[in-house]
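Below is one structure, written out as structure tokens, with a few remarks after it.
Quick caveat: nothing in here was measured; it's all calculated off a predicted structure.
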Amino acid sequence: MSEEQNPLATREEETDPHFEPVIKLTEQVETKTLEENEDVLFKMRAKLFRFDTNSSEWKERGTGDVRLLKHKETKKVRLVMRRDKTHKVCANHLVSAEMRLQPNIGSDRSWVWKVAADYSESPPTAETLAIRFANSDNAAQFKTAFEEAQKSNIILISGTADGDKDEDEEKEKDEDEEKEISEGEDEKEKE
């Protein structure tokens, strides 16, 4: 067919689907993660699970990079994990000496531990968490880093790492934090 026989063919070729935006966005929005004052001690990709006591089964919490972060001023170490793509926090808790990494039954690449207060959701809740890595070497590296973080936090509590703070002050802070957590749990039970 010639152009005279099919006038639509030339119109389609001549049309330009490009449109100029009505509003131009030039302002950059800075997002804060509250991780700016922390150093990364460990970072590795993993999948996180939590144990649901109501259904007595493991529920997937997310896949992403698990990180151990050490605060520059307080020197406390916490575990933070964000989901891929959405960057939503799926684990956020202080690494304490009471936590025990236990091998998951039937797997050499995963660990299970209990958390008194996980702050990934509001209000903080006590959780049993499990983490699975791509291979057993990665799982062993995580265990080593986790245990080093525990030792680091133990030194802080004993007062030897931070000479200008008194041991009693540290105990009072820990007691206040535990009191706040228990008050939050009491309020949750009332609801």
Side-chain angles (χ1 to χ4, degrees), residues 30-158 160-162 174 177-178 180-181 184-185 188:
E30 186 178 324
T31 55
K32 298 220 179 229
T33 62
L34 301 178
E35 298 169 9
E36 290 80 14
N37 291 332
E38 295 173 310
D39 295 324
V40 178
L41 300 177
F42 176 86
K43 179 180 176 182
M44 189 172 289
R45 186 167 171 75
K47 185 176 277 193
L48 187 73
F49 300 87
R50 73 172 183 84
F51 189 75
D52 184 10
T53 54
N54 296 333
S55 63
S56 296
E57 64 183 9
W58 290 100
K59 303 273 185 169
E60 185 177 334
R61 208 167 217 198
T63 302
D65 288 333
V66 61
R67 294 173 297 148
L68 295 174
L69 303 174
K70 185 174 187 175
H71 197 275
K72 292 177 182 175
E73 293 174 15
T74 64
K75 307 293 187 210
K76 290 185 179 180
V77 180
R78 67 181 176 134
L79 183 142
V80 175
M81 185 170 176
R82 292 181 182 271
R83 293 185 184 122
D84 289 339
K85 297 180 185 174
T86 62
H87 301 287
K88 184 175 187 236
V89 175
C90 58
N92 179 15
H93 59 81
L94 191 67
V95 178
S96 67
E98 294 80 34
M99 294 178 186
R100 297 285 173 248
L101 280 184
Q102 299 174 343
N104 196 359
I105 298 171
S107 178
D108 64 344
R109 59 188 184 120
S110 63
W111 299 104
V112 177
W113 73 99
K114 294 184 184 228
V115 179
D118 183 57
Y119 292 88
S120 62
E121 296 179 9
S122 184
T125 56
E127 298 281 356
T128 301
L129 299 174
I131 194 164
R132 186 174 66 208
F133 294 92
N135 55 48
S136 59
D137 292 336
N138 290 357
Q141 289 176 22
F142 173 76
K143 181 178 185 191
T144 303
F146 191 90
E147 290 172 346
E148 287 297 319
Q150 286 179 308
K151 290 176 187 174
S152 173
N153 283 346
I154 290 171
I155 291 171
L156 282 174
I157 292 171
S158 69
T160 57
D162 200 39
D174 290 341
E177 288 175 7
E178 289 176 13
E180 289 175 11
I181 291 169
E185 291 174 358
K188 184 178 177 183

Can you tell me how far apart [atom1] ([X]) and [atom2] ([Y]) are? Round to the nearest 0.5 Å.
X: F49; Y: R132; atom1: CZ; atom2: CZ; answer: 4.0 Å
X: K47; Y: R45; atom1: NZ; atom2: CZ; answer: 9.0 Å
X: E98; Y: L94; atom1: CD; atom2: CG; answer: 9.5 Å
X: R82; Y: C90; atom1: CZ; atom2: SG; answer: 9.5 Å
X: I105; Y: S110; atom1: CD1; atom2: OG; answer: 10.0 Å

Dump the intermediate steps for ring pair (Phe, Tyr, Trp, His ring centres under 6.0 Å) on W58 and F51, then the final yes or no. CA-CA 5 Å; W58 290 100; F51 189 75; 5.2 Å; yes
Is any side-chain heavy atom of [X] closer than 4.5 Å to a side-chain heavy atom of [Y]?
X: V66; Y: F133; answer: yes
X: L69; Y: V40; answer: yes
X: L79; Y: N92; answer: no
X: M99; Y: Q150; answer: yes
X: L68; Y: V95; answer: yes
X: T128; Y: R50; answer: no
X: L41; Y: V77; answer: yes

What's the verdict on side chain to side chain contact (heavy atoms under 4.5 Å, CB included) for N37 and H71, showing C-alpha distance, side-chain angles and the deciding distance? CA-CA 6 Å; N37 291 332; H71 197 275; 3.9 Å; yes
Tell me whether R78 is salt-bridged to E38, with the criterion being a basic N under 4.0 Å from an acidic carboxylate O.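 Salt bridge flag = yes for E38 with R78.
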Could you tell me whether E73 and K75 make a salt bridge, using a distance below 4.0 angstrom between a side-chain N and a carboxylate O?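 Result for this pair is no, no salt bridge flagged.
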Q102 side chain to W113 main-chain N or O, any donor-acceptor pair under 3.5 Å? no
In terms of heavy-atom contacts, A91 and S120 come closest through N-CB, 3.7 Å
Taking all heavy atoms of D84 and all of G64, pick out the closest pair and write down the distance. OD1-CA, 3.3 Å
Return all side-chain donor-acceptor pairs below 3.5 angstrom for residues 134-148, not counting sequence neighbours, or 'none' if the list is empty.
unit_1	atom_1	unit_2	atom_2	d
N135	OD1	D137	N	3.2
N135	OD1	N138	N	2.8
T144	OG1	A140	O	3.0

More than 12 heavy atoms of other residues, nucleotides or ligands under 6.0 Å from NZ of K85: is that the case? no
If a pair satisfies salt bridge (Lys or Arg N to Asp or Glu O under 4.0 Å) and one of its residues is in residues 104-129, list it, with sequence neighbours excluded. R61-D118, R61-E121, R61-E127
Side chain to side chain donor-acceptor pair (under 3.5 Å) for N104 and S107? Distances and angles first, verdict last. CA-CA 6 Å; N104 196 359; S107 178; 5.7 Å; no
